[in-house]
Amino acid sequence: MEEAKVVESKDGTISVASAFAGHQEGFLFYGLVHQTAVQDRDHKFLSKAVEEAYRGVDCGDGGPFGAVVVRNDEVVVSCHNMVLKHTDPTAHAEVTAIREACKRLGKIELSDCEIYASCEPCPMCFGAVHLSRIKRLVYGAKAEAAIAIGFDDFIADAIRGTGYYQKASMEIKKADGNGALIAEQVFEKTKEKFQMY
């Protein structure tokens with residue numbers, strides 16, 4: 001008896017082919033159809049994020065970045081960079097989309113959602129995606145595309161573990177003594193009021 005064949009695609013989709021000769025092609029075909037369906041779905045929502053990036057530039061709200069939050073194959077929100085409109089350096093497309101999705105869904109945890117971003121998220125946006133518990137992130141362009149047109153603060157170094165593009169310099173110091181003690185006490189004194197997730 002033949003062993004079952006496991007086929008893994010580039011996107012991680014796994015298909016298992018039956019050991020029975022008559023069924024093998026059917027299972028492999030299903031796996032390829034599933035892979036194509038995932039790619040088509042990703043393309044559809046990523047295209048919406050790219051459209052949003054253009055929209056944001058056209059109306060002068062901010063840089064060329066867009067993001068779409070999706071739940072159960074439905075768009076929850078579609079947002080673009082709002083840094084200029086809100087005079088807010090944290091109003092990146094992904095952060096704006098997460099904020100709006102949380103408001104719309106009435107919760108701070110988006111584990112049943114996916115996010116599509118027109119460009120690789122910066123560390124702040126990646127942190128927001130992570131903290132919101134979004135289950136899947138799909139992005140289009142690499143950070144280098146943004147860096148190439150002058151977004152030198154749009155750095156993926158924290159995600160990649162590199163410091164190649166990092167240009168900002170600041171002193172970072174952890175407080176010590178009484179300052180550290182009173183800051184740490186906040187958590188001990190308020191822990192009864194919070195039950196996270």
Side-chain angles (χ1 to χ4, degrees), residues 9-13 33-160 165 168 193-197:
S9 68
K10 288 181 183 177
D11 72 348
T13 304
V33 167
H34 176 71
Q35 177 184 347
T36 302
V38 168
Q39 288 172 340
D40 289 348
R41 181 179 174 281
D42 286 351
H43 179 76
K44 177 176 97 171
F45 292 124
L46 189 57
S47 294
K48 287 186 181 301
V50 170
E51 288 170 18
E52 197 65 50
Y54 281 116
R55 187 174 297 118
V57 171
D58 289 345
C59 65
D61 287 345
F65 305 99
V68 175
V69 174
V70 175
R71 184 172 74 162
N72 300 327
D73 287 334
E74 297 289 328
V75 172
V76 177
V77 293
S78 182
C79 298
H80 53 259
N81 183 289
M82 303 285 273
V83 168
L84 299 177
K85 181 175 183 172
H86 295 314
T87 321
D88 177 359
T90 70
H92 290 195
E94 298 92 334
V95 171
T96 302
I98 289 167
R99 288 172 180 162
E100 292 303 314
C102 287
K103 285 179 196 171
R104 185 161 294 166
L105 297 173
K107 57 186 187 170
I108 61 168
E109 180 265 328
L110 302 173
S111 62
D112 57 348
C113 296
E114 301 166 275
I115 191 165
Y116 291 81
S118 63
C119 190
E120 183 177 8
C122 72
M124 176 186 70
C125 292
F126 182 78
V129 170
H130 176 75
L131 289 172
S132 69
R133 308 291 196 257
I134 285 176
K135 67 180 178 180
R136 187 165 181 259
L137 160 68
V138 178
Y139 68 87
K142 287 191 163 196
E144 285 78 5
I147 292 164
I149 65 165
F151 285 91
D152 63 349
D153 61 339
F154 183 85
I155 310 303
D157 291 339
I159 301 167
R160 296 176 182 175
Y165 295 107
K193 296 182 179 180
F194 292 97
Q195 184 175 3
M196 300 302 287
Y197 309 108

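All values below were derived from every heavy atom in this structure, side-chain atoms included, with hydrogens, water molecules and symmetry-related copies excluded.
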Taking all non-hydrogen atoms of both residues, which atom of [X] and which atom of [Y] are closest, and how far apart?
X	Y	answer
Glu120	Ala143	OE1-N, 2.9 Å
Ala97	Cys79	CA-SG, 3.6 Å
Phe65	Ser118	CA-OG, 3.5 Å
Cys113	Leu105	SG-CD1, 3.9 Å
Ala128	Val95	CB-CG2, 4.1 Å
Leu46	Ala117	CD1-O, 3.2 Å

Worked verdict on Lys48 versus Glu51 for salt bridge (charged side-chain N to carboxylate O under 4.0 Å, His left out):
CA-CA 5 Å; Lys48 287 186 181 301; Glu51 288 170 18; 5.5 Å; no
For a side chain to side chain contact (heavy atoms under 4.5 Å, CB included) check, start with the C-alpha distance between Ile134 and Ile98, then their side-chain angles and the critical distance, and finish with the verdict.
CA-CA 9 Å; Ile134 285 176; Ile98 289 167; 4.0 Å; yes
State, with a plain yes or no, whether a side-chain heavy atom of His92 is found less than 4.5 Å away from one of Asn81.
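Contact flag for His92/Asn81 side chains = yes.
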Within the structure provided, determine whether Thr90 and Arg99 are in side-chain contact (heavy-atom separation under 4.5 Å).
yes
Is the number of heavy atoms from other residues, nucleotides or ligands within 6.0 Å of NE2 (His86) greater than 12?
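Above 12, so yes.
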From CA spacing to verdict: side chain to side chain contact (heavy atoms under 4.5 Å, CB included), Thr96, Lys85:
CA-CA 12 Å; Thr96 302; Lys85 181 175 183 172; over 6 Å; no
Please answer whether the main-chain N or O of Glu74 pairs with a side-chain N or O of Asn72 as donor and acceptor at a distance below 3.5 Å.
no
For the side chain to side chain donor-acceptor pair (under 3.5 Å) test, which of Lys135, Arg41, Arg71 pairs with Glu114?
Arg41
Please lay out, stage by stage, how Lys44 and Asp73 fare under the test salt bridge (charged side-chain N to carboxylate O under 4.0 Å, His left out).
CA-CA 10 Å; Lys44 177 176 97 171; Asp73 287 334; over 6 Å; no
Between Arg55 and Glu52, does at least one N-O distance fall below 4.0 Å, as a salt bridge requires?
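Answer for the salt bridge query: yes.
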Arg136 vs Tyr116, test: side chain to side chain contact (heavy atoms under 4.5 Å, CB included). Steps then yes/no.
CA-CA 8 Å; Arg136 187 165 181 259; Tyr116 291 81; 3.2 Å; yes
